[in-house]
Q: 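The structure's right below; bear with me while I get my questions together.
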Amino acid sequence: ALAHASPLRSEIARQVDLLVVRELTGGIYFGQGRTGMASGVPFAESAMRYSEPEIRRIATVAFERARERQGRVCSVDKANVLEVSRLWRGVVADVHRESYPDIDLSHGYIDSTAMRLVASPAEFDVMLTSNLFGDILSDIAATLPGSLGMLPSSSIGGTTGIYEPVHGSAPDIAGEGLANPYGAILSAAMLLEDAGERAAATAVTRSVDDALSAGYLTRDIAASGQGVNTTEAGDAVVRFLANRLQEPTINESREADSHASAT
């Protein structure tokens, strides 16, 4: 439904189905930084630091997710330049060899991978990368469906997960009815899937598809630039979801889940 909104040719855009697994609590964003003067010249530096356990943790997440998808992981680094990336690549390879030999693992440099993500995005299933590089790649990926507002995300790994659109909030347009609600709704679908409610997650995702196919496009994804407002788009999803929840497959799945739980 959003082929017109993608900068890619429609036949390429329709093949895209990828997940970016980005490490969020380490790397250069949390490394020690300092500023100073050297020979009378101001300087600043920021340290990119990763430990082996940090890399193992996020690599495990990527491989586990790949097992639920197409079974392919592309680990993205800059191992031809950075020492920290050499450690990253080595640890990812170790985790793969030790625990996930069934997964197809490839490695890519951030610069060439960014180019491939735009030129041939169907190559990718799960992309595994560090905090900085994941920040770059996830925003590049947002161009594929035509808007950052379409992308769901989750921050997981601790005791509490956070599910939100990949861009976070949009306070500059709060209350104006201009925000695209689909990324937030799809984030709720991710939450449901992670909670084991797969039938419900599928129903939400397909209801978003229904709304888009029916032409409920917000301004950022409408070809004319004149789309529906936030409430109209959200209400459309609710209506389609209400219809889908009446489908036998959903009810049967719920009954099966209840039976399995009771057993």
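Values below: all heavy atoms of this structure, side chains included; hydrogens, waters and symmetry mates excluded.
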Q: Report whether L148 and L2 are members of the same hydrophobic cluster (ILVMFWY, side-chain heavy atoms less than 4.5 Å apart, transitive linking).
A: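 Different hydrophobic clusters.
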Q: Keeping R69 on the side-chain end and D17 on the backbone end, is there a donor-acceptor pair under 3.5 Å?
A: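 Answer holds: yes.
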Q: Checking side-chain contact (heavy atoms from CB on, under 4.5 Å) for the pair D194/Y163: CA distance, chi angles, key distance, verdict?
A: CA-CA 11 Å; D194 286 351; Y163 294 78; 2.8 Å; yes
Q: Is there a side-chain contact between T35 and P42, using heavy atoms and a 4.5 Å cut-off?
A: no
Q: Honestly curious: do V21 and L117 fall in one hydrophobic cluster under the side-chain, below-4.5 Å linking rule?
A: yes
Q: Report yes or no: do E83 and S85 form a side-chain donor-acceptor pair below 3.5 Å?
A: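 There is no such pair (donor and acceptor under 3.5 Å, judged by atom type) between the side chains of E83 and S85.
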Q: Might you point out which heavy atoms bring R89 and A79 nearest each other, and give the distance in Å?
A: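 That closest heavy-atom pairing would be NE-CB, 3.8 Å.
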Q: Please report the closest heavy-atom contact between E193 and A201, naming both atoms and the distance.
A: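 Scanning both residues completely, I find the closest heavy atoms to be N-CB, 3.7 Å.
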Q: Nearest 0.5 Å please: distance from the CE atom of M127 over to the CZ atom of R116.
A: 7.5 Å
Q: How long is the span from the CG atom in L19 to the CD atom in E68, to the nearest 0.5 Å?
A: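 One finds 9.5 Å between CG of L19 and CD of E68.
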Q: For N131, is there any backbone N or O sitting under 3.5 Å from a side-chain donor or acceptor partner on R22?
A: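 Yes; judged by distance alone, with no hydrogens or angles, the pair exists.
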Q: Are M190 and V16 connected into the same hydrophobic cluster when the rule is that any two of I, L, V, M, F, W, Y join if their side-chain heavy atoms are below 4.5 Å apart?
A: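 No, separate clusters.
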Q: Could you tell me whether the side chain of E54 and the main chain of S51 form a donor-acceptor pair under 3.5 Å?
A: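 Checking the backbone N and O of S51 against the side chain of E54, a donor-acceptor pair under 3.5 Å is found.
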Q: Considering all heavy atoms of both residues, which atom of I103 and which atom of H96 are nearest to each other, and what is their separation?
A: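 Result for this residue pair: O-NE2, 2.7 Å.
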Q: Can you check whether D135 reaches Y29 side chain to side chain, under 4.5 Å on heavy atoms?
A: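 Yes, side chains in contact.
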Q: Ignoring hydrogens, what is the shortest heavy-atom contact between G26 and E23? Give both atom names and the distance.
A: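 Of all heavy-atom pairs spanning G26 and E23, the closest is N-OE1, 2.8 Å.
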Q: Quick check: do V76 and W88 have side-chain heavy atoms less than 4.5 Å from each other?
A: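 Answer no - side chains too far apart.
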Q: What do the steps show when you test K78 against D111 for salt bridge (charged side-chain N to carboxylate O under 4.0 Å, His left out), and what is the final call?
A: CA-CA 8 Å; K78 192 62 178 171; D111 45 355; 2.9 Å; yes
Q: Write down the atom of F240, the atom of A214, and the distance for their closest heavy-atom approach.
A: CZ-CB, 3.9 Å
Q: Is there a path of hydrophobic side-chain contacts, each under 4.5 Å between heavy atoms, that joins V228 and V208?
A: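 V228 clusters together with V208.
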Q: Salt bridge or not for R206 and D209, using N-O below 4.0 Å?
A: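 No, R206 and D209 are not salt-bridged.
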Q: State, with a plain yes or no, whether a side-chain heavy atom of L128 is found less than 4.5 Å away from one of V61.
A: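 A side-chain contact is absent here, since even the closest heavy-atom pair is not under 4.5 Å.
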Q: Should the pair D125-R65 be classified as a salt bridge under the 4.0 Å nitrogen-to-oxygen rule?
A: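 Looking at R65 together with D125, the answer is no, because their closest N to O distance does not fall below 4.0 Å.
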Q: Does CD in Q32 sit with more than 12 non-hydrogen atoms of other residues, nucleotides or ligands closer than 6.0 Å?
A: no
Q: T205 versus L186: any side-chain heavy-atom pair under 4.5 Å?
A: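 Sidechains of L186 and T205: in contact.
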Q: What's the separation between atom CG in N80 and atom CG in L82, rounded to the nearest 0.5 Å?
A: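 It is 8.0 Å, given to the nearest 0.5 Å.
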Q: What's the separation between atom CG in L137 and atom CG in L132, rounded to the nearest 0.5 Å?
A: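 The CG atom of L137 sits 9.5 Å away from the CG atom of L132.
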Q: Give, for atom OH of Y182 and atom CD1 of I221, the distance between the pair rounded to the nearest 0.5 Å.
A: 6.0 Å
Q: Take V92 and F63 through the test side-chain contact (heavy atoms from CB on, under 4.5 Å) and record every step on the way to the result.
A: CA-CA 10 Å; V92 170; F63 287 124; 4.1 Å; yes
Q: For G149, is there any backbone N or O sitting under 3.5 Å from a side-chain donor or acceptor partner on S147?
A: yes
Q: Evaluate side-chain contact (heavy atoms from CB on, under 4.5 Å) for T202 paired with R244, printing each intermediate quantity in order.
A: CA-CA 10 Å; T202 299; R244 284 193 171 275; over 6 Å; no
Q: Please give me the minimum heavy-atom distance between Y50 and V84, naming the atom from each residue.
A: N-CG2, 3.7 Å
Q: Below 4.5 Å, heavy atoms only, C-beta onward: do L212 and M150 meet side chain to side chain?
A: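 Yes, close enough: below the 4.5 Å cut-off.
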Q: Can you find a heavy atom in the side chain of R72 that is under 4.5 Å from one in the side chain of V126?
A: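 They are not in contact (no side-chain heavy atoms under 4.5 Å apart), so the answer is no.
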Q: State the CG-OG1 distance between D235 and T230, to the nearest 0.5 angstrom.
A: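 Going from CG on D235 over to OG1 on T230, the span is 10.5 Å.
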Q: If you define the side chain from C-beta out and look only at heavy atoms, does anything of E98 sit under 4.5 Å from R56?
A: yes
Q: So L144 and L18, side-chain contact (heavy atoms from CB on, under 4.5 Å) or not? Walk me through it.
A: CA-CA 11 Å; L144 305 180; L18 64 90; 4.1 Å; yes
Q: Hey, quick one: are V81 and M48 part of the same hydrophobic cluster, counting side-chain heavy atoms closer than 4.5 Å, chains of contacts allowed?
A: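 Both belong to a single hydrophobic cluster.
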Q: Go through it in stages, so that I can follow the logic: the residues are R239 and D210, the test is salt bridge (charged side-chain N to carboxylate O under 4.0 Å, His left out), and I'd like the CA-CA distance, side-chain angles, deciding distance and then a yes or no.
A: CA-CA 10 Å; R239 288 196 301 273; D210 292 339; over 6 Å; no
Q: Report yes or no: does T218 contribute a side-chain atom to a donor-acceptor pair with the main-chain N or O of G227 at less than 3.5 Å?
A: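 Not a single qualifying donor-acceptor pair exists.
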